[in-house]
Amino acid sequence: MANRLADAVRAFHMAQATAAASAQRAAQDREKVTEARDKLADAIVEAARDGMRQIDIVRVTGYTRERVRVRQILRAHGITPD
């Protein structure tokens, strides 16, 4: 009986450690996504300032046809839609 209890305690502690490590990895992954999103926004702004049409930016980025996200990014950086 004591062995079963000790095994269950070990399993529980191992699961806790795994969950903590997973949470840390998830936080790191969220940070990477945020960094990548910021780089994409910078690239969109640069492309627009270099003369690329919004419709072409939409095609390259894969954002929706309505171009809402591209427009939001450009407006946030002081670029009016074409």
* Test item: Arg69 and Ile44 side chains (from C-beta on) under 4.5 Å apart, heavy atoms -> no
* **Asp56/Arg59 ion pair, N-O < 4.0 Å** => yes
* Asked: Which distance, rounded to the nearest 0.5 Å, do you find between the CD of Glu31 and the CD of Glu35?
  -> 5.0 Å
* Structure fact -> When rounded to the nearest 0.5 Å, the distance separating CG of Asp29 from CD of Gln24 is 10.5 Å
* **Option passing side chain to side chain contact (heavy atoms under 4.5 Å, CB included) with Val70 (candidates Ile79, Val60, Val45, Ile57)** => Ile57
Anything under 3.5 Å between a donor and an acceptor, one on a side chain of residues 4-21, the other on a protein residue two or more places apart or in another chain? List them.
from: Asp7; atom 1: OD1; to: Arg10; atom 2: NH2; distance (Å): 2.4
from: Thr18; atom 1: OG1; to: Met14; atom 2: O; distance (Å): 2.9

